[in-house]
Amino acid sequence: MRWTQTLIPTLKETPAEAEITSHKLLLRAGLVRKLAGGLYTFLPLGLRALRKVERIVREEMNRAGALELLMPAMQPPEIWERSGRYVTASEVFFKVRDRARKEWILGPTHEEVITTLVAGEINSYRQLPKNFYQIQTKFRDEIRPRFGLMRAKEFIMKDAYSFDATDELAQVSYQKMYDAYARIFQRCGLKAIAVEADTGVIGGKFSHEFMVPAETGENEVAYCESGQYAANIEKAASKGSLIPTPNLSTGGNPEEFATPGVVTIEALGAAPYGVAAHQQIKTLVYVVDSKIVLILMRGDDQLNEVKFMAKAGATQVRPAGVEECFGALGAKPGSLGAVKSTMTGDKIQIFADESLRGAKGMTTGANKDGFHLRHVEIDRDIEVTQWFDLRTVKAGELCVATGQPLKIGRAIEVGHIFKLGTKYSEKLNAMFLDESGKQQPAVMGCYGIGVTRTLQAIIEQSNDKDGIIWPLSVAPYAVCLTPLSIVAGSPVMALAEKIYAELEAQGVDVILDDRDERPGVKFKDSELIGFPIRVGIGEKSLAKGEVELKLRGGVLTPVKVEEAVAKVLELVKGTA
RNA sequence: CGGAGCGUAGCUCAGCCUGGUAGAGCACUUGGUUUGGGACCAAGACGUCGCAGGUUCAAAUCCUGUCGCUCCGACCA
């Protein structure tokens, strides 16, 4: 490609809309342009990089035995009603109506469609296993699109769905995808780690997320440096708080004491009360699937809502409002408690965090504004309905696998794999006859990669002050030819044309910067965009019979003119 | 959905407080001089000051509403 024939609108200044490095560079390097919030046009250069990521994904999915197909982006709501997700996933839907006013859903994902397909086409265990995938635009009405391609209303996803005859075989399919994902991200030049994850609204048994460590990531990951444990903070467990829970009796029965104006853990921990946070029981009032429940945490712990939803099997969870708290317990937040003797109204379910087991000498709210209770012993004074691990892990706590301290870091989720089980196959009737002639639901897995997000994650992870540093595998062009003069017929331009033609003939992705610009402009642009290899051709070096080879981020190396093409080919083919 | 900030030329922004001819730099066009790390000179083209209403002799500027964009939050009582 000749630079003057394409459109590469680089920007010297950063557009005001971009906050994080990768978003700024996407715009500055002329890869994408925004149409509206969360909606982006891929310009020629950006599309080339995107296609390269897609190609890697496609090659690895094919290698893993998955079959590419393409499903409609527009879906009938009926199949979502059958799966039960019409309600649970409704918040992410973009809906449209046709001329008959019938409603359609722009697909946020395709479990319902693929399962409907399989229900019709697969009838025998002999046809299994099957794994279908597609690379397609998804639509999600995100609460807040942000950071360019990171979280957009419309984005490109690779989604795959496996169908197996048994749970054991489904595990094999899952492992194949796990391995394929590791290869995909590695080939994209990304350092991605697999972490244990919650399954969320998709449902299913267990899952892994592929995370790219980055300060700007939207997720938190707890991990052990041994590499033996890593989990999304929403899922992560540890050996518990480093501060043990008090378990020695401090006195007799719960005793009320006045705490005027004290409504926070911190205030009760300060003088004149001096009740340390870990000696307090925090009483959270939640509305869980329309029912009021209490959740008890140690004062210094944070409730992990995702864990709670998973363990309690809840689908909709929100903290209760002040009025709801008052209605249930007769006091406002800050003085709430779960001690039997202070609870007067209807019976409320009480869920308690494991860390409170056997706790004695605790302090909690008295269900009377401005009062707390001390000498609370949980087993004696509180009727706990069920115990769960509900706390959010903190950095420094010990790893359940190795006993080493856990670290917590931020990361970008680029892929997610789920073992689904038979939830969808049962609801959408994807049944097959097994060897004994018995009807069985197919055991499913589903596997997603945010292709556009992966592209941006690569930039987020690989850049410097001058711009993007593309890995060779996904660079829009591998080689940028930079003649410092473009006068037709001049020795410099003649050589540039010759090298250009030879590299093109060899199938190398090469761009010839034939713009009538000063050298500084060409250098700056090539570094901003981040072409892995630059071949500079100027009069000074040509006088010595040389051209200048520069790897992005590396040093300038003179190369003999006659060796230039061979040297570039070595670099491109990775044999250098 | 709540909070905060911002909407002025293609981009980055000034002007707004204190109402009175719409600005700068970059980018763009033409000519010239330059030519190894984002050149210089000259001339030019480019705007319903987000939109709507109001106040006023007069609104980019003040008021109201609205739309859009960005960030934070939407759980810790």
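By convention in this document, chain letters (A, B, ...) are assigned in the order of the sequence lines, proteins followed by strands, and residues within each chain are numbered from 1. Since the model is a prediction, treat every value here as computed from it, not as a measurement.
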Next item on the list: Taking only the side-chain heavy atoms of A:S541 (C-beta and beyond), determine which of B:rG36, B:rC69, B:rA39 contains the nearest atom.
Entry: B:rG36
Check: Under a 3.5 Å cut-off for both distances, is B:rG68 Watson-Crick or wobble paired, and to whom?
Finding: B:rC6
Note to self: Could you check whether the side chain of A:E539 and the base of B:rG36 have a donor-acceptor pair of N or O atoms closer than 3.5 Å, going by distance alone?
What the structure shows: no
Next item on the list: Name the pairing partner of B:rU21, where a pair is Watson-Crick or G-U wobble with both distances under 3.5 Å, or state none.
Entry: none
Check: Is there a Watson-Crick or G-U wobble partner for B:rU34 with both distances under 3.5 Å, and which nucleotide is it?
Finding: none
Margin query: Between A:D300 and A:R298, does any NZ, NE, NH1 or NH2 come within less than 4.0 Å of an OD or OE carboxylate oxygen?
Written below: yes
Margin query: By nearest atom, which of the nucleotides B:rG38, B:rC72, B:rC75 is closest to the A:Y286 side chain?
Written below: B:rC75
Next item on the list: Using a 4.0 Å heavy-atom cut-off across all strands, classify A:P519 as base, sugar-phosphate, or nothing.
Entry: sugar-phosphate
Notebook entry, point to check: Which parts of residues 489-497 of chain A get close to RNA chain B, meaning a heavy atom less than 4.0 angstrom away?
Noted result: none
Next item on the list: Side chain of A:L303 only, please: which of B:rG37, B:rC75, B:rC71 is the nearest?
Entry: B:rC75
Checklist line | RNA chain B: 5'-proximal contact among A:G148 and A:L542 (nearest heavy atom) | finding: A:L542
Next item on the list: Would you indicate which nucleotide in B:rC69, B:rG38, B:rC76 comes nearest to any side-chain atom of A:K282?
Entry: B:rC76
Item checked: Any strand: nucleotide that pairs with B:rU61 via Watson-Crick or wobble, under 3.5 Å -> none
Next item on the list: Please report the C-alpha distance between A:R144 and A:R151 in whole Å, then the side-chain angles of each, then the deciding distance to 0.1 Å, and finally whether the side-chain contact (heavy atoms from CB on, under 4.5 Å) criterion is met.
Entry: CA-CA 8 Å; A:R144 182 148 86 88; A:R151 184 169 291 279; 6.0 Å; no
Next item on the list: Report the nucleotide, chosen from B:rA27, B:rU34, B:rC72, that has the shortest atom-to-atom distance to any side-chain atom of A:R518.
Entry: B:rU34
Next item on the list: Please work out whether the ring planes of A:F308 and A:F351 are parallel, tilted or perpendicular, with thresholds of 30° and 60°.
Entry: perpendicular
Notebook entry, point to check: Salt bridge or not for A:R318 and A:E324, using N-O below 4.0 Å?
Noted result: yes
Margin query: As a test of reading the structure: which of B:rA77, B:rC71, B:rG37 is closest to the side chain of A:R146, going by heavy atoms?
Written below: B:rC71
Checklist line | Basic-acidic side-chain contact under 4.0 Å: A:D379, A:K360 | finding: no
Checklist line | Phosphate OP1/OP2 of B:rC72: any A:R144 side-chain N/O under 4.0 Å | finding: yes
Note to self: Looking at A:E527 and A:R534, is there a salt bridge between them, counting it only when a charged N and a carboxylate O are closer than 4.0 Å?
What the structure shows: yes
Notebook entry, point to check: Between B:rG36, B:rU70, B:rA77, which one does the side chain of A:Y40 approach most closely?
Noted result: B:rU70
Check: Just how far, in rounded Å, is C1' of B:rG68 from CG of A:L39?
Finding: 13 Å
Item checked: N-O pairing of A:R391 and A:E397 below 4.0 Å -> yes
Margin query: Need one value for A:K332: base, sugar-phosphate or nothing, where a base atom within 4.0 Å counts as base even if backbone is also close, heavy atoms only.
Written below: nothing
Item checked: Value in whole Å for how far the P atom of B:rU70 lies from CG of A:L26 -> 14 Å
Item checked: Shortest side-chain distance from A:I143, nucleotide among B:rG38, B:rA77, B:rG73 -> B:rG73
Note to self: Within the 4.0 Å heavy-atom criterion, would you say A:R28 contacts the bases, only the backbone, or no part of the nucleic acid?
What the structure shows: base
Margin query: I want to verify a distance call: between B:rA77, B:rU35, B:rG36, whose nearest atom is closest to the A:E548 side chain?
Written below: B:rG36
Checklist line | Basic-acidic side-chain contact under 4.0 Å: A:R374, A:E255 | finding: yes
Margin query: Need the pair for B:rC1. Rule: Watson-Crick or G-U wobble, both distances under 3.5 Å, any strand; none if unpaired.
Written below: B:rG73
Item checked: Under 4.0 Å protein heavy-atom contact, by nucleotide of nucleotides 5-12 of chain B - B base, S sugar-phosphate only -> ------BS
Margin query: Is it the case that the base of B:rG38 and the side chain of A:R515 share a donor-acceptor contact (distance under 3.5 Å, atom types as modelled)?
Written below: no
Next item on the list: State the pairing partner of B:rU48; accept Watson-Crick or G-U wobble contacts with both distances under 3.5 Å, and report none otherwise.
Entry: none
